[in-house]
*Asks:* 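This is the structure, below, for whatever I ask next.
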Protein chains: 2
Amino acid sequence: MSQDAPEPIARTSLIETLRKKLQEDILSGRYPAGTSLPPERELAARYGVTRTSLKHALIELRSFGLIAIRHGIGSIVEDVAARAGADALQYMAQREGGWDLRLFVDLLEARALIGGLFGRVAASRRTEADVESLREALGGARRTSRDPHGLQVAENLFMRRVTETTHVRTFVFLSNSISAVYARTLDAFGGAFEDGDWVTGSLEEIFDEIRDGSSAGAESAMERYLTESGKRMIAALEEQSP
Amino acid sequence: MSQDAPEPIARTSLIETLRKKLQEDILSGRYPAGTSLPPERELAARYGVTRTSLKHALIELRSFGLIAIRHGIGSIVEDVAARAGADALQYMAQREGGWDLRLFVDLLEARALIGGLFGRVAASRRTEADVESLREALGGARRTSRDPHGLQVAENLFMRRVTETTHVRTFVFLSNSISAVYARTLDAFGGAFEDGDWVTGSLEEIFDEIRDGSSAGAESAMERYLTESGKRMIAALEEQSP
DNA sequence: ACTGGCTCAGTGGATGAGCCACTATAGCAG
DNA sequence: CTGCTATAGTGGCTCATCCACTGAGCCAGT
(Lines give C-alpha, C1' and ligand atoms only; values in the text may rest on other atoms or scores of the structure.)
Protein backbone atom coordinates (compact mmCIF):
# COMPACT_ATOMS: atom_id res chain seq x y z
CA MET A 1 0.00 0.00 0.00
CA SER A 2 1.31 3.43 -0.92
CA GLN A 3 2.12 5.92 1.78
CA ASP A 4 -0.64 8.41 2.33
CA ALA A 5 -0.09 12.01 1.38
CA PRO A 6 2.07 13.57 4.11
CA GLU A 7 -0.53 15.99 5.34
CA PRO A 8 -0.14 19.23 3.41
CA ILE A 9 1.49 21.94 5.46
CA ALA A 10 -1.16 23.97 7.15
CA ARG A 11 -1.27 27.40 5.62
CA THR A 12 -3.16 30.05 7.40
CA SER A 13 -4.90 32.50 5.20
CA LEU A 14 -5.68 35.92 6.46
CA ILE A 15 -9.35 35.18 6.64
CA GLU A 16 -8.71 32.02 8.58
CA THR A 17 -6.56 33.89 11.05
CA LEU A 18 -9.03 36.70 11.27
CA ARG A 19 -11.93 34.37 11.92
CA LYS A 20 -10.03 32.63 14.68
CA LYS A 21 -9.14 35.94 16.26
CA LEU A 22 -12.69 37.23 16.19
CA GLN A 23 -13.99 33.94 17.41
CA GLU A 24 -11.54 33.90 20.25
CA ASP A 25 -12.60 37.41 21.20
CA ILE A 26 -16.23 36.36 21.19
CA LEU A 27 -15.77 33.12 23.09
CA SER A 28 -13.57 34.80 25.66
CA GLY A 29 -16.34 37.22 26.45
CA ARG A 30 -14.72 40.31 25.04
CA TYR A 31 -17.86 40.79 22.98
CA PRO A 32 -20.61 39.50 25.26
CA ALA A 33 -23.70 37.77 23.92
CA GLY A 34 -26.47 40.14 23.02
CA THR A 35 -24.19 43.09 22.38
CA SER A 36 -23.20 44.47 19.02
CA LEU A 37 -19.82 44.03 17.47
CA PRO A 38 -18.16 47.31 16.48
CA PRO A 39 -19.15 48.49 12.99
CA GLU A 40 -17.47 46.65 10.15
CA ARG A 41 -15.48 49.67 9.09
CA GLU A 42 -14.10 50.12 12.55
CA LEU A 43 -13.44 46.43 13.12
CA ALA A 44 -11.59 46.23 9.82
CA ALA A 45 -9.41 49.16 10.77
CA ARG A 46 -8.79 47.77 14.22
CA TYR A 47 -7.62 44.40 12.89
CA GLY A 48 -5.75 46.05 10.04
CA VAL A 49 -7.61 44.39 7.18
CA THR A 50 -10.00 45.47 4.48
CA ARG A 51 -13.67 45.53 5.14
CA THR A 52 -14.08 42.90 2.45
CA SER A 53 -11.80 40.46 4.22
CA LEU A 54 -13.42 41.18 7.53
CA LYS A 55 -16.78 40.46 5.98
CA HIS A 56 -15.63 37.06 4.79
CA ALA A 57 -14.71 36.22 8.35
CA LEU A 58 -17.98 37.56 9.74
CA ILE A 59 -20.01 35.53 7.31
CA GLU A 60 -18.18 32.44 8.39
CA LEU A 61 -18.87 33.22 12.02
CA ARG A 62 -22.50 33.67 11.15
CA SER A 63 -22.66 30.26 9.56
CA PHE A 64 -21.52 28.75 12.84
CA GLY A 65 -24.22 30.55 14.76
CA LEU A 66 -21.82 32.78 16.66
CA ILE A 67 -23.20 36.07 15.38
CA ALA A 68 -26.24 37.41 13.55
CA ILE A 69 -25.64 40.10 10.94
CA ARG A 70 -28.47 42.56 10.38
CA HIS A 71 -28.55 45.09 7.61
CA GLY A 72 -28.66 48.64 8.89
CA ILE A 73 -28.18 47.51 12.47
CA GLY A 74 -24.92 45.69 12.95
CA SER A 75 -23.58 42.30 13.98
CA ILE A 76 -25.06 40.95 17.17
CA VAL A 77 -23.22 38.33 19.20
CA GLU A 78 -25.36 35.24 19.74
CA ASP A 79 -25.48 33.17 22.89
CA VAL A 80 -23.08 30.39 22.00
CA ALA A 81 -24.70 27.79 24.19
CA ALA A 82 -28.10 28.56 22.71
CA ARG A 83 -27.26 28.77 19.04
CA ALA A 84 -23.89 27.38 18.06
CA GLY A 85 -24.18 24.16 16.11
CA ALA A 86 -22.03 21.07 16.06
CA ASP A 87 -19.71 22.42 13.39
CA ALA A 88 -18.55 25.09 15.81
CA LEU A 89 -17.02 22.36 17.96
CA GLN A 90 -13.98 21.94 15.75
CA TYR A 91 -13.08 25.55 16.33
CA MET A 92 -13.95 25.68 19.98
CA ALA A 93 -11.88 22.63 20.82
CA GLN A 94 -8.74 24.27 19.45
CA ARG A 95 -8.42 27.66 21.02
CA GLU A 96 -5.29 29.78 20.96
CA GLY A 97 -3.39 27.10 19.14
CA GLY A 98 -3.74 24.53 21.89
CA TRP A 99 -6.47 22.07 22.70
CA ASP A 100 -9.25 22.85 25.08
CA LEU A 101 -8.74 19.63 26.96
CA ARG A 102 -11.94 19.83 28.97
CA LEU A 103 -14.07 20.25 25.89
CA PHE A 104 -12.15 17.53 24.15
CA VAL A 105 -12.78 15.08 26.98
CA ASP A 106 -16.42 16.09 26.85
CA LEU A 107 -16.48 15.48 23.13
CA LEU A 108 -14.96 12.03 23.41
CA GLU A 109 -17.48 11.08 26.05
CA ALA A 110 -20.29 12.17 23.76
CA ARG A 111 -18.66 10.17 20.99
CA ALA A 112 -18.66 7.05 23.12
CA LEU A 113 -22.28 7.43 24.19
CA ILE A 114 -23.53 8.21 20.72
CA GLY A 115 -21.36 5.49 19.27
CA GLY A 116 -23.12 3.08 21.59
CA LEU A 117 -26.45 4.23 20.27
CA PHE A 118 -25.25 3.82 16.71
CA GLY A 119 -24.06 0.32 17.47
CA ARG A 120 -27.42 -0.59 18.94
CA VAL A 121 -29.38 0.75 15.99
CA ALA A 122 -26.93 -0.71 13.50
CA ALA A 123 -27.30 -4.17 14.98
CA SER A 124 -31.05 -4.02 14.66
CA ARG A 125 -31.07 -2.86 11.06
CA ARG A 126 -28.04 -4.36 9.39
CA THR A 127 -28.56 -5.91 5.99
CA GLU A 128 -26.41 -8.42 4.19
CA ALA A 129 -24.76 -5.60 2.30
CA ASP A 130 -23.99 -3.76 5.52
CA VAL A 131 -22.35 -6.81 7.02
CA GLU A 132 -20.25 -7.24 3.92
CA SER A 133 -19.24 -3.60 3.97
CA LEU A 134 -18.26 -3.87 7.62
CA ARG A 135 -16.34 -7.06 7.02
CA GLU A 136 -14.38 -5.38 4.29
CA ALA A 137 -13.52 -2.41 6.51
CA LEU A 138 -12.52 -4.77 9.27
CA GLY A 139 -10.21 -6.58 6.87
CA GLY A 140 -8.58 -3.28 6.02
CA ALA A 141 -7.90 -2.63 9.68
CA ARG A 142 -6.42 -6.09 10.15
CA ARG A 143 -4.05 -5.66 7.23
CA THR A 144 -2.65 -2.41 8.55
CA SER A 145 -2.73 -3.19 12.24
CA ARG A 146 0.99 -2.58 12.68
CA ASP A 147 1.00 0.90 11.19
CA PRO A 148 -0.60 3.29 13.70
CA HIS A 149 -1.45 5.92 11.13
CA GLY A 150 -2.90 3.50 8.64
CA LEU A 151 -4.81 1.75 11.37
CA GLN A 152 -6.29 5.03 12.47
CA VAL A 153 -7.59 5.66 8.99
CA ALA A 154 -8.98 2.16 8.76
CA GLU A 155 -10.66 2.48 12.13
CA ASN A 156 -12.30 5.70 11.02
CA LEU A 157 -13.64 3.96 7.96
CA PHE A 158 -15.00 1.10 10.03
CA MET A 159 -16.80 3.52 12.33
CA ARG A 160 -18.24 5.32 9.34
CA ARG A 161 -19.57 2.04 8.06
CA VAL A 162 -21.17 1.31 11.40
CA THR A 163 -22.86 4.69 11.26
CA GLU A 164 -24.09 4.02 7.75
CA THR A 165 -25.47 0.70 8.91
CA THR A 166 -27.98 2.58 11.05
CA HIS A 167 -29.55 3.79 7.80
CA VAL A 168 -30.16 7.13 9.46
CA ARG A 169 -28.53 9.78 7.31
CA THR A 170 -28.68 12.37 10.04
CA PHE A 171 -26.39 10.20 12.13
CA VAL A 172 -23.75 10.39 9.43
CA PHE A 173 -23.79 14.17 9.55
CA LEU A 174 -23.62 14.26 13.33
CA SER A 175 -20.77 11.83 13.16
CA ASN A 176 -18.94 13.99 10.63
CA SER A 177 -19.17 16.99 12.91
CA ILE A 178 -17.58 15.04 15.72
CA SER A 179 -14.86 13.52 13.57
CA ALA A 180 -14.04 16.89 12.09
CA VAL A 181 -12.78 18.03 15.47
CA TYR A 182 -9.80 15.73 15.43
CA ALA A 183 -9.67 14.60 11.81
CA ARG A 184 -7.33 17.37 10.75
CA THR A 185 -4.87 16.56 13.45
CA LEU A 186 -4.76 12.83 13.10
CA ASP A 187 -1.03 12.72 13.73
CA ALA A 188 -1.49 13.90 17.28
CA PHE A 189 -3.26 10.67 18.17
CA GLY A 190 -0.95 8.07 16.72
CA GLY A 191 -0.19 6.96 20.23
CA ALA A 192 -3.75 5.75 20.64
CA PHE A 193 -3.33 3.26 17.81
CA GLU A 194 -0.06 1.61 18.66
CA ASP A 195 -1.63 -1.44 20.20
CA GLY A 196 -2.90 -2.79 16.89
CA ASP A 197 -4.10 -6.09 18.30
CA TRP A 198 -6.30 -4.42 20.85
CA VAL A 199 -7.86 -2.17 18.23
CA THR A 200 -8.56 -4.90 15.71
CA GLY A 201 -9.76 -7.20 18.46
CA SER A 202 -12.25 -4.58 19.59
CA LEU A 203 -13.47 -3.93 16.08
CA GLU A 204 -13.92 -7.65 15.54
CA GLU A 205 -16.03 -7.85 18.64
CA ILE A 206 -18.18 -4.97 17.45
CA PHE A 207 -18.48 -6.58 14.05
CA ASP A 208 -19.59 -9.89 15.54
CA GLU A 209 -22.29 -8.29 17.64
CA ILE A 210 -23.68 -6.28 14.75
CA ARG A 211 -23.55 -9.26 12.41
CA ASP A 212 -25.44 -11.32 14.96
CA GLY A 213 -28.01 -8.59 15.37
CA SER A 214 -27.31 -8.26 19.06
CA SER A 215 -28.35 -4.71 19.88
CA ALA A 216 -27.32 -4.75 23.51
CA GLY A 217 -24.02 -6.41 22.68
CA ALA A 218 -23.18 -3.99 19.91
CA GLU A 219 -24.08 -1.04 22.09
CA SER A 220 -21.82 -2.04 24.93
CA ALA A 221 -19.00 -3.15 22.64
CA MET A 222 -19.03 0.20 20.88
CA GLU A 223 -19.26 2.16 24.06
CA ARG A 224 -16.47 0.20 25.70
CA TYR A 225 -14.15 0.53 22.76
CA LEU A 226 -14.80 4.22 22.21
CA THR A 227 -14.40 5.01 25.88
CA GLU A 228 -11.04 3.28 26.11
CA SER A 229 -9.95 4.67 22.76
CA GLY A 230 -10.87 8.15 23.95
CA LYS A 231 -8.74 7.71 27.04
CA ARG A 232 -5.79 6.77 24.88
CA MET A 233 -6.32 9.75 22.64
CA ILE A 234 -6.30 12.05 25.63
CA ALA A 235 -3.17 10.38 26.92
CA ALA A 236 -1.46 10.83 23.57
CA LEU A 237 -2.44 14.47 23.63
CA GLU A 238 -1.09 15.06 27.10
CA GLU A 239 2.23 13.46 26.23
CA GLN A 240 2.73 15.89 23.39
CA SER A 241 1.78 19.10 25.10
CA PRO A 242 2.98 18.99 28.67
CA MET B 1 -50.73 37.49 27.28
CA SER B 2 -49.66 39.72 24.43
CA GLN B 3 -49.69 38.49 20.86
CA ASP B 4 -46.27 37.47 19.63
CA ALA B 5 -44.58 39.50 16.95
CA PRO B 6 -45.94 38.45 13.55
CA GLU B 7 -42.73 36.93 12.27
CA PRO B 8 -40.68 39.56 10.45
CA ILE B 9 -40.77 39.20 6.70
CA ALA B 10 -37.94 37.01 5.53
CA ARG B 11 -35.46 38.97 3.47
CA THR B 12 -33.06 37.18 1.26
CA SER B 13 -29.74 38.77 0.62
CA LEU B 14 -27.89 38.16 -2.59
CA ILE B 15 -25.27 36.07 -0.85
CA GLU B 16 -27.93 33.97 0.78
CA THR B 17 -29.62 33.36 -2.53
CA LEU B 18 -26.34 32.69 -4.23
CA ARG B 19 -25.26 30.21 -1.61
CA LYS B 20 -28.53 28.33 -1.92
CA LYS B 21 -28.22 28.24 -5.67
CA LEU B 22 -24.67 26.93 -5.60
CA GLN B 23 -25.55 24.46 -2.93
CA GLU B 24 -28.49 23.22 -4.90
CA ASP B 25 -26.27 22.79 -7.94
CA ILE B 26 -23.77 20.82 -5.89
CA LEU B 27 -26.29 18.63 -4.11
CA SER B 28 -28.13 17.92 -7.33
CA GLY B 29 -24.97 16.53 -8.83
CA ARG B 30 -24.39 19.26 -11.35
CA TYR B 31 -20.93 19.63 -9.89
CA PRO B 32 -20.01 16.08 -8.86
CA ALA B 33 -17.86 15.32 -5.84
CA GLY B 34 -14.17 15.34 -6.59
CA THR B 35 -14.44 17.69 -9.54
CA SER B 36 -13.50 21.34 -9.60
CA LEU B 37 -16.00 24.14 -9.64
CA PRO B 38 -15.49 26.55 -12.52
CA PRO B 39 -13.01 29.35 -11.73
CA GLU B 40 -14.34 32.08 -9.50
CA ARG B 41 -14.23 34.65 -12.24
CA GLU B 42 -16.25 32.48 -14.54
CA LEU B 43 -18.72 31.39 -11.86
CA ALA B 44 -19.28 35.00 -10.89
CA ALA B 45 -20.01 35.95 -14.47
CA ARG B 46 -22.26 32.97 -14.94
CA TYR B 47 -24.38 33.81 -11.92
CA GLY B 48 -24.24 37.51 -12.69
CA VAL B 49 -22.58 38.64 -9.49
CA THR B 50 -19.25 40.08 -8.48
CA ARG B 51 -16.40 37.86 -7.66
CA THR B 52 -16.46 39.31 -4.15
CA SER B 53 -20.04 38.26 -3.57
CA LEU B 54 -19.40 34.87 -5.06
CA LYS B 55 -16.49 34.42 -2.71
CA HIS B 56 -18.66 35.15 0.30
CA ALA B 57 -20.94 32.36 -0.78
CA LEU B 58 -18.08 29.97 -1.47
CA ILE B 59 -16.59 30.58 1.95
CA GLU B 60 -19.90 29.78 3.51
CA LEU B 61 -20.14 26.56 1.54
CA ARG B 62 -16.66 25.69 2.68
CA SER B 63 -17.63 26.13 6.29
CA PHE B 64 -20.34 23.52 5.82
CA GLY B 65 -17.88 21.08 4.34
CA LEU B 66 -19.41 21.13 0.87
CA ILE B 67 -16.31 22.37 -0.93
CA ALA B 68 -12.59 22.80 -0.32
CA ILE B 69 -10.96 25.95 -1.68
CA ARG B 70 -7.31 25.68 -2.62
CA HIS B 71 -5.14 28.59 -3.58
CA GLY B 72 -3.79 28.30 -7.09
CA ILE B 73 -5.90 25.23 -7.80
CA GLY B 74 -9.57 25.94 -7.50
CA SER B 75 -12.59 24.88 -5.49
CA ILE B 76 -13.05 21.16 -5.22
CA VAL B 77 -16.47 19.68 -4.46
CA GLU B 78 -16.33 17.46 -1.39
CA ASP B 79 -18.20 14.23 -0.95
CA VAL B 80 -21.21 15.44 1.00
CA ALA B 81 -21.79 12.17 2.79
CA ALA B 82 -18.14 12.05 3.84
CA ARG B 83 -17.57 15.60 4.96
CA ALA B 84 -20.69 17.67 5.47
CA GLY B 85 -21.35 18.37 9.12
CA ALA B 86 -24.54 18.64 11.08
CA ASP B 87 -24.99 22.32 10.35
CA ALA B 88 -25.47 21.49 6.70
CA LEU B 89 -28.68 19.69 7.59
CA GLN B 90 -30.68 22.87 7.93
CA TYR B 91 -29.91 23.72 4.35
CA MET B 92 -30.30 20.26 2.95
CA ALA B 93 -33.69 19.75 4.52
CA GLN B 94 -35.10 22.79 2.72
CA ARG B 95 -34.25 22.49 -0.91
CA GLU B 96 -35.82 24.53 -3.68
CA GLY B 97 -38.08 26.27 -1.23
CA GLY B 98 -39.86 23.12 -0.13
CA TRP B 99 -39.01 20.54 2.47
CA ASP B 100 -37.10 17.41 1.65
CA LEU B 101 -39.63 15.23 3.42
CA ARG B 102 -37.52 12.10 3.38
CA LEU B 103 -34.60 13.81 5.02
CA PHE B 104 -36.93 15.48 7.48
CA VAL B 105 -38.42 12.16 8.52
CA ASP B 106 -34.90 10.83 8.88
CA LEU B 107 -33.97 13.80 11.01
CA LEU B 108 -36.92 13.37 13.33
CA GLU B 109 -36.11 9.73 13.80
CA ALA B 110 -32.56 10.65 14.73
CA ARG B 111 -33.97 13.23 17.10
CA ALA B 112 -36.09 10.63 18.83
CA LEU B 113 -33.26 8.14 19.20
CA ILE B 114 -30.77 10.69 20.41
CA GLY B 115 -33.37 12.22 22.67
CA GLY B 116 -33.78 8.83 24.26
CA LEU B 117 -30.08 8.69 24.90
CA PHE B 118 -30.13 12.17 26.39
CA GLY B 119 -32.99 11.17 28.66
CA ARG B 120 -31.09 8.14 29.86
CA VAL B 121 -27.91 10.07 30.60
CA ALA B 122 -29.85 12.93 32.14
CA ALA B 123 -31.63 10.62 34.56
CA SER B 124 -28.34 9.17 35.73
CA ARG B 125 -26.66 12.51 36.30
CA ARG B 126 -29.33 14.96 37.35
CA THR B 127 -28.54 17.19 40.27
CA GLU B 128 -30.93 19.06 42.52
CA ALA B 129 -30.39 22.16 40.43
CA ASP B 130 -31.20 20.27 37.23
CA VAL B 131 -34.45 18.98 38.66
CA GLU B 132 -35.41 22.47 39.71
CA SER B 133 -34.57 23.83 36.28
CA LEU B 134 -36.65 21.12 34.62
CA ARG B 135 -39.54 21.70 36.99
CA GLU B 136 -39.52 25.36 36.12
CA ALA B 137 -39.54 24.65 32.38
CA LEU B 138 -42.34 22.17 32.88
CA GLY B 139 -44.35 24.80 34.72
CA GLY B 140 -43.88 27.14 31.78
CA ALA B 141 -45.29 24.52 29.43
CA ARG B 142 -48.28 23.93 31.70
CA ARG B 143 -49.09 27.60 31.85
CA THR B 144 -49.16 27.98 28.08
CA SER B 145 -50.62 24.62 27.19
CA ARG B 146 -53.57 26.13 25.33
CA ASP B 147 -51.49 28.30 23.01
CA PRO B 148 -49.82 26.04 20.40
CA HIS B 149 -47.09 28.49 19.54
CA GLY B 150 -46.26 29.31 23.12
CA LEU B 151 -46.34 25.65 24.04
CA GLN B 152 -43.93 24.88 21.24
CA VAL B 153 -41.45 27.39 22.62
CA ALA B 154 -41.88 26.04 26.12
CA GLU B 155 -41.38 22.48 24.92
CA ASN B 156 -38.19 23.48 23.18
CA LEU B 157 -36.93 25.01 26.39
CA PHE B 158 -37.78 21.88 28.35
CA MET B 159 -35.89 19.72 25.87
CA ARG B 160 -32.92 22.05 26.08
CA ARG B 161 -32.95 21.68 29.84
CA VAL B 162 -33.01 17.91 29.51
CA THR B 163 -29.99 18.12 27.25
CA GLU B 164 -28.19 20.34 29.71
CA THR B 165 -28.95 17.87 32.45
CA THR B 166 -26.66 15.35 30.74
CA HIS B 167 -23.78 17.68 31.61
CA VAL B 168 -22.25 16.85 28.25
CA ARG B 169 -21.69 20.12 26.41
CA THR B 170 -21.21 18.41 23.09
CA PHE B 171 -24.78 17.14 23.32
CA VAL B 172 -26.02 20.71 23.49
CA PHE B 173 -24.27 21.57 20.26
CA LEU B 174 -25.55 18.48 18.49
CA SER B 175 -29.00 19.32 19.73
CA ASN B 176 -28.69 22.87 18.43
CA SER B 177 -27.82 21.60 14.98
CA ILE B 178 -30.93 19.47 14.92
CA SER B 179 -33.22 22.16 16.28
CA ALA B 180 -31.86 24.66 13.79
CA VAL B 181 -33.44 22.67 10.97
CA TYR B 182 -36.96 23.50 12.02
CA ALA B 183 -36.45 26.35 14.48
CA ARG B 184 -36.76 29.03 11.86
CA THR B 185 -40.04 27.70 10.60
CA LEU B 186 -41.76 27.10 13.89
CA ASP B 187 -45.12 28.23 12.53
CA ALA B 188 -45.27 25.32 10.15
CA PHE B 189 -45.58 22.93 13.07
CA GLY B 190 -48.23 24.57 15.17
CA GLY B 191 -50.51 21.66 14.37
CA ALA B 192 -48.25 19.34 16.32
CA PHE B 193 -48.87 21.29 19.51
CA GLU B 194 -52.61 21.66 19.53
CA ASP B 195 -53.22 18.84 21.95
CA GLY B 196 -51.77 20.71 24.90
CA ASP B 197 -52.74 18.12 27.47
CA TRP B 198 -50.95 15.38 25.66
CA VAL B 199 -47.78 17.43 25.37
CA THR B 200 -47.70 18.53 28.97
CA GLY B 201 -48.64 15.05 30.11
CA SER B 202 -45.71 13.62 28.19
CA LEU B 203 -43.30 16.19 29.54
CA GLU B 204 -44.49 15.47 33.07
CA GLU B 205 -43.81 11.82 32.56
CA ILE B 206 -40.31 12.56 31.29
CA PHE B 207 -39.74 14.88 34.22
CA ASP B 208 -40.82 12.27 36.73
CA GLU B 209 -38.50 9.65 35.32
CA ILE B 210 -35.52 11.96 35.31
CA ARG B 211 -36.29 13.24 38.79
CA ASP B 212 -36.49 9.66 40.04
CA GLY B 213 -33.22 8.82 38.35
CA SER B 214 -34.80 6.09 36.27
CA SER B 215 -32.54 5.83 33.23
CA ALA B 216 -34.55 3.23 31.39
CA GLY B 217 -37.80 5.03 32.12
CA ALA B 218 -36.49 8.40 30.99
CA GLU B 219 -35.05 6.89 27.84
CA SER B 220 -38.27 5.28 26.76
CA ALA B 221 -40.42 8.25 27.80
CA MET B 222 -38.29 10.59 25.73
CA GLU B 223 -38.17 8.30 22.76
CA ARG B 224 -41.90 7.70 22.83
CA TYR B 225 -42.76 11.37 23.10
CA LEU B 226 -40.32 12.47 20.42
CA THR B 227 -41.43 9.75 18.04
CA GLU B 228 -45.08 10.68 18.35
CA SER B 229 -44.30 14.38 18.27
CA GLY B 230 -42.28 13.84 15.12
CA LYS B 231 -45.22 12.11 13.47
CA ARG B 232 -47.43 15.07 14.27
CA MET B 233 -44.88 17.48 12.89
CA ILE B 234 -44.76 15.55 9.64
CA ALA B 235 -48.53 15.49 9.51
CA ALA B 236 -48.69 19.25 10.04
CA LEU B 237 -46.21 19.66 7.24
CA GLU B 238 -48.12 17.52 4.82
CA GLU B 239 -51.34 19.39 5.50
CA GLN B 240 -49.71 22.65 4.52
CA SER B 241 -47.96 21.60 1.35
CA PRO B 242 -50.14 19.12 -0.51
C1' DA C 1 -51.42 66.04 21.82
C1' DC C 2 -51.17 62.88 18.31
C1' DT C 3 -50.24 61.10 13.75
C1' DG C 4 -47.84 60.58 9.63
C1' DG C 5 -44.23 61.73 6.57
C1' DC C 6 -39.52 63.47 5.88
C1' DT C 7 -34.66 63.88 6.57
C1' DC C 8 -30.30 62.37 8.16
C1' DA C 9 -26.62 59.77 10.15
C1' DG C 10 -24.98 55.20 10.86
C1' DT C 11 -24.59 50.56 9.40
C1' DG C 12 -24.37 46.51 6.40
C1' DG C 13 -24.84 45.01 1.14
C1' DA C 14 -22.66 44.83 -3.15
C1' DT C 15 -19.74 46.34 -6.94
C1' DG C 16 -15.62 46.23 -10.15
C1' DA C 17 -11.03 47.01 -11.15
C1' DG C 18 -6.63 45.80 -9.90
C1' DC C 19 -2.64 43.55 -8.08
C1' DC C 20 -0.38 39.75 -5.34
C1' DA C 21 0.59 34.75 -4.32
C1' DC C 22 0.31 30.00 -5.27
C1' DT C 23 0.27 25.81 -8.45
C1' DA C 24 1.01 23.09 -12.33
C1' DT C 25 2.97 22.47 -16.68
C1' DA C 26 5.69 22.85 -20.68
C1' DG C 27 9.90 23.90 -22.62
C1' DC C 28 14.73 24.74 -22.28
C1' DA C 29 19.55 24.17 -20.54
C1' DG C 30 22.75 21.20 -18.68
C1' DC D 1 17.41 12.28 -17.85
C1' DT D 2 17.56 16.07 -14.47
C1' DG D 3 16.68 20.45 -12.89
C1' DC D 4 15.57 25.17 -13.70
C1' DT D 5 12.62 28.81 -15.59
C1' DA D 6 8.97 31.05 -17.83
C1' DT D 7 4.16 31.27 -18.14
C1' DA D 8 -0.72 30.74 -17.74
C1' DG D 9 -4.41 29.92 -14.76
C1' DT D 10 -6.36 30.17 -10.28
C1' DG D 11 -7.49 31.89 -5.65
C1' DG D 12 -6.11 35.80 -1.95
C1' DC D 13 -6.75 40.35 -0.80
C1' DT D 14 -7.17 45.40 -1.33
C1' DC D 15 -9.26 49.72 -2.45
C1' DA D 16 -12.60 53.17 -3.53
C1' DT D 17 -17.47 53.73 -4.14
C1' DC D 18 -22.10 53.55 -4.18
C1' DC D 19 -26.64 51.34 -2.75
C1' DA D 20 -30.13 49.81 0.78
C1' DC D 21 -31.83 49.40 5.24
C1' DT D 22 -32.68 51.07 10.10
C1' DG D 23 -33.68 54.08 13.79
C1' DA D 24 -34.17 58.58 15.66
C1' DG D 25 -35.47 63.11 15.50
C1' DC D 26 -37.89 66.86 13.40
C1' DC D 27 -41.88 69.02 11.58
C1' DA D 28 -46.26 69.92 9.42
C1' DG D 29 -51.05 68.65 9.40
C1' DT D 30 -54.93 67.24 12.01
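For the numbers below, each heavy atom of this structure counts, side chains included, while hydrogens, waters and symmetry mates do not. Each chain gets a letter, A, B and so on, in the order the sequences are listed, and its residues count up from 1.
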*Asks:* Please find the pair of heavy atoms, one from B:S177 and one from B:D87, that lie closest to each other, and give the distance.
*Replies:*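 Nearest heavy atoms, B:S177 then B:D87: OG-OD1, 2.7 Å.
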*Asks:* Do the side-chain N and O atoms of B:H167 and A:D106 include a donor-acceptor pair separated by under 3.5 angstrom?
*Replies:*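 No, A:D106 and B:H167 have no side-chain donor paired with an acceptor closer than 3.5 Å.
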*Asks:* With A:L58, which of A:L18, A:L66, A:I67 fulfils side chain to side chain contact (heavy atoms under 4.5 Å, CB included)?
*Replies:* A:I67
*Asks:* Report, as a single string ordered 5' to 3', how protein heavy atoms within less than 4.0 Å touch nucleotides 11-19 of chain C: B base, S sugar-phosphate only, - not at all.
*Replies:* BBBBBB-BB
*Asks:* Parallel, tilted or perpendicular, judged at 30° and 60°: which one describes the rings of A:H56 and B:H56?
*Replies:* tilted
*Asks:* B:I59 has an atom CD1; how far is it from atom P of D:dG12, in whole Å?
*Replies:*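 For the pair B:I59 CD1 and D:dG12 P, the rounded distance is 7 Å.
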*Asks:* In whole Å, what is the span from the CD atom of A:E60 to the C1' atom of D:dG12?
*Replies:* 14 Å
*Asks:* Rounded to whole angstroms, how far apart are CD1 on B:I76 and P on C:dC22?
*Replies:*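 That distance rounds to 17 Å.
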*Asks:* Which label fits B:F104 and B:Y182: parallel for a plane angle under 30°, tilted from 30 to 60°, or perpendicular past 60°?
*Replies:* perpendicular
